[in-house]
J.: 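Supplied in structure tokens, the structure appears directly below.
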Protein chains: 4
Amino acid sequence: MSADTNFAKDQLRQIVERIERLEEEKQAIAADIKEVYAEAKALGFDTKVLRKVITLRKKDPQEREEEEMMLHTYLSALGMAPDFGEE
Amino acid sequence: MSADTNFAKDQLRQIVERIERLEEEKQAIAADIKEVYAEAKALGFDTKVLRKVITLRKKDPQEREEEEMMLHTYLSALGMAPDFGEE
Amino acid sequence: MSADTNFAKDQLRQIVERIERLEEEKQAIAADIKEVYAEAKALGFDTKVLRKVITLRKKDPQEREEEEMMLHTYLSALGMAPDFGEE
Amino acid sequence: MSADTNFAKDQLRQIVERIERLEEEKQAIAADIKEVYAEAKALGFDTKVLRKVITLRKKDPQEREEEEMMLHTYLSALGMAPDFGEE
DNA sequence: ACCCTCGAATGTTAAC
DNA sequence: GTTAACATTCGAGGGT
């Protein structure tokens, strides 16, 4: 088997290892998150609602952005956007 | 081969056919939607922005609901929700 | 506001309506598909496998084969090839 | 407002912060993984196949085999079994 | 204890 | 070719 092929093999092995290592870390963090929810539940919080809170807080900044875009939206579509002239 | 098995085979075949038929229809509609976007583009509309408009209009009713829930959210989490007492 | 702009507005409105109408139809069909899977399940079929069958039937056999070969190559490089040894 | 409620509020705040912190970390790792795939691609590897390799390595061989068997059963019923005839 | 609904994660495909 | 939207799939959580 050629040196090139062996080289490629080693590269592949390393790539796979790196990915698997990172995925383990990701899973570990996911487990931590689950744990926090479990604690919250033990403290009497409603986890379903808690998840919703997290989701909403995540989405909020996006929505602001989108609403801003919404203004440009119709204006652009109607050829009235400030930046674009009639072209 | 038993009658039961043949019966099962026929059922499977019918199920697969129905699903494939429905998926074709779904694809056809998806194609129609693409076409409308293409027309819109030809008319000078910005399709990216158009997609955003559609998305936002879809989300709006949901958001209202979610924001309403947001109020209950913290209240529930803090044991202050109207429905639940202190338990 | 100019006549042109009003015209553009109407166009936009119509486009949005057409897209939303089509998306509703698409959703309806998606619901039908779900229903068929539910029926299949009630009849004792494994929906997961059933989905795989549908997927397989969609794919081009040749492409599929090429992917399989490449997969085998990678697995071999990692010493994980099934059936065959190290070659 | 009661001391208890204030206490609950603080707990809630801390919980939310912890979760959000962990989710950030998770996202960071997800970004790292994407990066490794990008590198692999630059080195000439097929990322699609690579992802499949990773997936395969994760799965339990036994379960995998059972699924394969059931898949074969369904495909046979549809006259699509590979390698084997109608039996 | 099981099903079922929901949200997250992945894989695919189209647009630019 | 790269990025982002889209559809599908997988898994966890909650309800019955």
Side-chain angles (χ1 to χ4, degrees), chain A residues 19 22-23 26-27 29-38 40-42 45-56 58-59 62 65-66 69, chain B residues 19 22-23 26-27 29-31 33-38 40-42 45-56 58-59 62 65-66 69 76, chain C residues 19 22-23 26-27 29-31 33-35 37-38 41-42 44 46-56 58-60 63-64 67 71, chain D residues 19 22-23 26-27 29-31 33-35 37-39 41-42 44 46-56 58-60 63-64 67:
Chain A
I19 292 170
L22 287 167
E23 290 200 342
K26 190 151 74 89
Q27 282 310 106
I29 292 175
D32 288 348
I33 292 172
K34 267 188 70 174
E35 209 177 321
V36 177
Y37 278 109
K41 185 172 190 167
F45 294 103
D46 181 329
T47 58
K48 184 177 175 182
V49 131
L50 188 51
R51 282 175 197 278
K52 205 95 188 171
V53 172
I54 299 286
T55 303
L56 284 175
K58 228 184 299 186
K59 270 199 279 192
Q62 287 176 21
E65 209 177 314
E66 286 183 7
M69 201 181 164
Chain B
I19 292 170
L22 288 168
E23 290 200 341
K26 191 152 73 89
Q27 280 313 103
I29 291 174
I33 292 172
K34 268 188 68 176
E35 210 177 319
V36 177
Y37 277 110
K41 184 173 189 166
F45 294 103
D46 182 330
T47 58
K48 184 177 173 183
V49 128
L50 188 52
R51 282 175 198 278
K52 207 89 185 176
V53 173
I54 299 287
T55 303
L56 285 175
K58 228 184 302 188
K59 271 198 282 192
Q62 289 174 21
E65 209 177 315
E66 285 183 8
M69 201 180 165
S76 287
Chain C
I19 292 171
L22 288 167
E23 290 200 343
K26 192 150 72 86
Q27 280 312 105
I29 292 175
I33 292 173
K34 265 191 75 174
E35 211 177 318
Y37 277 109
K41 182 173 190 164
D46 182 322
T47 58
K48 188 177 171 182
V49 174
L50 189 51
R51 282 171 197 279
K52 210 158 211 158
V53 170
I54 299 287
T55 303
L56 278 174
K58 264 187 283 207
K59 287 201 190 174
D60 174 24
E63 274 186 54
R64 187 152 189 79
E67 278 182 22
L71 180 60
Chain D
I19 292 171
L22 288 167
E23 290 201 342
K26 191 151 72 88
Q27 282 311 106
I29 292 175
I33 292 172
K34 264 190 74 174
E35 212 177 318
Y37 277 110
E39 280 181 45
K41 183 174 192 164
D46 182 323
T47 57
K48 189 176 170 183
V49 175
L50 190 51
R51 280 174 198 279
K52 211 157 211 159
V53 170
I54 299 288
T55 303
L56 278 174
K58 263 188 281 205
K59 287 200 189 173
D60 175 23
E63 275 186 52
R64 184 150 193 81
E67 277 183 22

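Lettering follows sequence order; numbering is per chain, from 1.
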J.: Which atom names give the shortest non-hydrogen contact between Leu22(A) and Ile29(D), and what distance separates them?
T.: O-CG2, 3.3 Å
J.: For a side-chain contact (heavy atoms from CB on, under 4.5 Å) check, start with the C-alpha distance between Glu23(B) and Ile54(C), then their side-chain angles and the critical distance, and finish with the verdict.
T.: CA-CA 10 Å; Glu23(B) 290 200 341; Ile54(C) 299 287; 3.7 Å; yes
J.: Would you name the heavy atoms of Tyr37(B) and Thr47(B) that are closest together and state the gap between them?
T.: O-CG2, 3.5 Å
J.: Dump the pairs, protein N or O against N or O of nucleotides 12-16 of chain E, anything under 3.5 Å, distances to one decimal.
T.:
{"from": "dC16(E)", "atom 1": "OP1", "to": "Thr47(B)", "atom 2": "OG1", "distance (Å)": "3.0"}
{"from": "dC16(E)", "atom 1": "OP2", "to": "Lys41(B)", "atom 2": "NZ", "distance (Å)": "2.7"}

J.: Test side-chain contact (heavy atoms from CB on, under 4.5 Å) on Arg64(C) and Leu56(C); report intermediate values, then the result.
T.: CA-CA 9 Å; Arg64(C) 187 152 189 79; Leu56(C) 278 174; 3.3 Å; yes
J.: Find the distance Glu23(B):CD to dC6(F):P and express it as a whole number of Å.
T.: 19 Å
J.: Please state how far atom CG in Leu50(A) lies from atom P in dA8(E), giving the value in whole angstrom units.
T.: 12 Å
J.: In whole angstrom, give the distance that lies between atom OH of Tyr37(A) and atom P of dA8(E).
T.: 8 Å
J.: Before giving the answer on side-chain contact (heavy atoms from CB on, under 4.5 Å), spell out for Phe45(B) and Val53(B) the whole-Å C-alpha distance, their side-chain angles and the decisive distance to 0.1 Å.
T.: CA-CA 12 Å; Phe45(B) 294 103; Val53(B) 173; over 6 Å; no
J.: How long is the line joining CD1 of Ile54(D) and C1' of dT10(E), in whole Å?
T.: 14 Å
J.: Whole-Å distance between dA8(E) C1' and Gln27(A) CD?
T.: 12 Å
J.: Examine dC6(F): is either OP1 or OP2 under 4.0 Å from a nitrogen or oxygen in the side chain of Lys26(C)? Give yes or no.
T.: no
J.: Rounding to a whole Å, what distance do you find between Lys58(C):NZ and dT9(F):C1'?
T.: 12 Å
J.: Any non-hydrogen side-chain atom of Arg51(A) less than 4.5 Å from a side-chain atom of Ile19(D)?
T.: no
J.: Starting from P on dT2(F), measure out to CD on Glu39(D) and report it in whole angstrom.
T.: 14 Å
J.: Would you please confirm or rule out a distance under 4.0 Å between OP1 or OP2 of dC6(E) and any side-chain N or O of Thr55(A)?
T.: no
J.: Rounded to whole Å, how long is the line connecting atom CD1 of Ile33(A) with atom C1' of dG7(E)?
T.: 13 Å
